Amino acid sequence: MKVKLSLILGSMLLLSQVVMAQTTLQVSATVPGSGGLAGPALSLTVTTYNATSGAVIGSPSTSQTSLPFGALTYASATGTYTPSVYYGIAISESGGAGPPIVNVTYDEGAGTACPNIAAGTSVTLGCLGTKSTATFVTANSSNNVETISSLGKKRLIDLTGTAGELSTIPSGQYEKVYVGLWNGNASDSPADPANGKPFTNADAAGAYSGTLTFTVVTF
């Protein structure tokens, strides 16, 4: 069973509801110019947070199918573009014999999904996967206390193979993935990966996109 989430810079980032095979989350942000058979099901619940205060915006959704960062705001103090939101994706399952092994992977958008490609700067500046991160935490179901999992924080572009595989979910707990844009803040816990990049005026204007896929390896 797979659940795909598309990430699109400049458009909406949605998370899908309970599915039997696949769910897609779309993550997006815009850089301004200067029914099947009964059985195990994977459920993703998306919560939107204020990027400055960390406050929850609206209500958690199990039917959202995209994760939009929207138009980014230029911060002259740092020379970077920043989003107004970030997202938390809680992972749960039903109908299986026990805790599932869930693999989280990312596919980079190509062609028009990465304006830096047309500008000839994608090799040095990257695309959305280089400029966004996933932070993996384990949450206690009874009190919602969260702890950073062994996967820590990774660039989305590095979520290939089993790099994002959630295989040791303790009983009575669930996994959650926070998705945001890279800012390089060393005081963040955990800190952003050193090989990430922010959006700056060096990046081509336009919408950047990619796709997160949540796949149940086994129930």
Side-chain angles (χ1 to χ4, degrees), residues 1-9 12-29 40-49 60-69 85-94 96 98-109 113 126-139 141 146-170 173-182 188 190-193 195-196 208-219:
M1 169 188 166
K2 292 184 179 179
V3 176
K4 290 185 177 178
L5 302 177
S6 297
L7 309 179
I8 299 177
L9 286 171
M12 299 180 64
L13 174 54
L14 306 177
L15 182 68
S16 61
Q17 65 270 30
V18 177
V19 294
M20 290 306 301
Q22 198 172 61
T23 302
T24 299
L25 284 182
Q26 205 156 22
V27 178
S28 65
L42 181 66
S43 176
L44 304 179
T45 301
V46 176
T47 301
T48 305
Y49 298 88
S61 173
T62 57
S63 60
Q64 191 172 332
T65 55
S66 70
L67 303 174
F69 286 108
V85 299
Y86 65 93
Y87 297 91
I89 304 160
I91 305 168
S92 62
E93 59 85 18
S94 61
I101 294 177
V102 178
N103 196 24
V104 184
T105 56
Y106 175 78
D107 293 311
E108 189 78 276
C127 296
L128 178 58
T130 304
K131 302 170 182 293
S132 52
T133 62
T135 303
F136 296 83
V137 305
T138 299
S141 300
E146 298 177 355
T147 57
I148 304 298
S149 79
S150 59
L151 294 178
K153 181 184 286 188
K154 303 175 183 291
R155 299 182 306 170
L156 294 191
I157 194 66
D158 295 324
L159 295 179
T160 60
T162 58
E165 185 170 278
L166 309 173
S167 59
T168 56
I169 303 175
Q173 302 191 27
Y174 64 93
E175 295 298 315
K176 193 170 184 179
V177 182
Y178 287 98
V179 177
L181 295 189
W182 190 94
D188 284 352
D192 279 350
N195 55 353
Y208 293 72
S209 67
T211 301
L212 275 178
T213 299
F214 293 71
T215 302
V216 175
V217 179
T218 182
F219 273 100

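Only this structure's heavy atoms are used, side chains among them; waters, hydrogens and symmetry mates stay out. Computed from a prediction, not measured in an experiment: that's the story for all the values here.
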For this session: Could you give me the CA-CA distance, side-chain angles and deciding distance for I91 and L44, then say whether side chain to side chain contact (heavy atoms under 4.5 Å, CB included) is met?
Result: CA-CA 5 Å; I91 305 168; L44 304 179; 3.9 Å; yes

[X] versus [Y], closest heavy-atom pair with distance:
X	Y	result
L156	A134	CD2-CB, 3.6 Å
Y106	S209	OH-O, 3.9 Å
E108	T130	OE2-N, 4.2 Å
P190	T135	CD-CG2, 4.0 Å

Exercise. Between S149 and E175, do the side chains contain an N or O donor and an N or O acceptor separated by less than 3.5 Å?
Worked result: no

Exercise. Is the closest side-chain heavy-atom distance between T160 and T105 below 4.5 Å?
Worked result: no

Exercise. Heavy-atom distance under 4.5 Å between the side chains of L181 and L128, does that happen here?
Worked result: yes

For this session: Step by step, work out the side chain to side chain contact (heavy atoms under 4.5 Å, CB included) result for D158 and N195.
Result: CA-CA 10 Å; D158 295 324; N195 55 353; 4.1 Å; yes

Problem set entry | Partners passing salt bridge (charged side-chain N to carboxylate O under 4.0 Å, His left out) against K154 (at least two apart in sequence or in another chain) | none

Could you grab the distance from atom [atom1] of [X] to atom [atom2] of [Y], nearest 0.5 Å is fine?
X	Y	atom1	atom2	answer
I89	T45	CD1	OG1	10.5 Å
S132	W182	OG	CH2	12.0 Å
I101	T162	CD1	OG1	11.0 Å

Exercise. When you look at S141 and Y174, which way does the side chain to side chain contact (heavy atoms under 4.5 Å, CB included) test go after all the steps?
Worked result: CA-CA 7 Å; S141 300; Y174 64 93; 3.6 Å; yes

For this session: Using side chain to side chain contact (heavy atoms under 4.5 Å, CB included) as the criterion, point out the one residue from T133, V104, N103 that pairs with L159.
Result: V104

For this session: Report the residues that fulfil side-chain hydrogen bond (donor to acceptor under 3.5 Å, both in side chains) with D192, sequence neighbours left out, ordered by chain and then residue number.
Result: K153

Exercise. What pairs with Y178 under side-chain hydrogen bond (donor to acceptor under 3.5 Å, both in side chains), at least two apart in sequence or on another chain?
Worked result: E146, K176

Problem set entry | Near-ring test F69/Y86, centroid separation under 6.0 angstrom | no

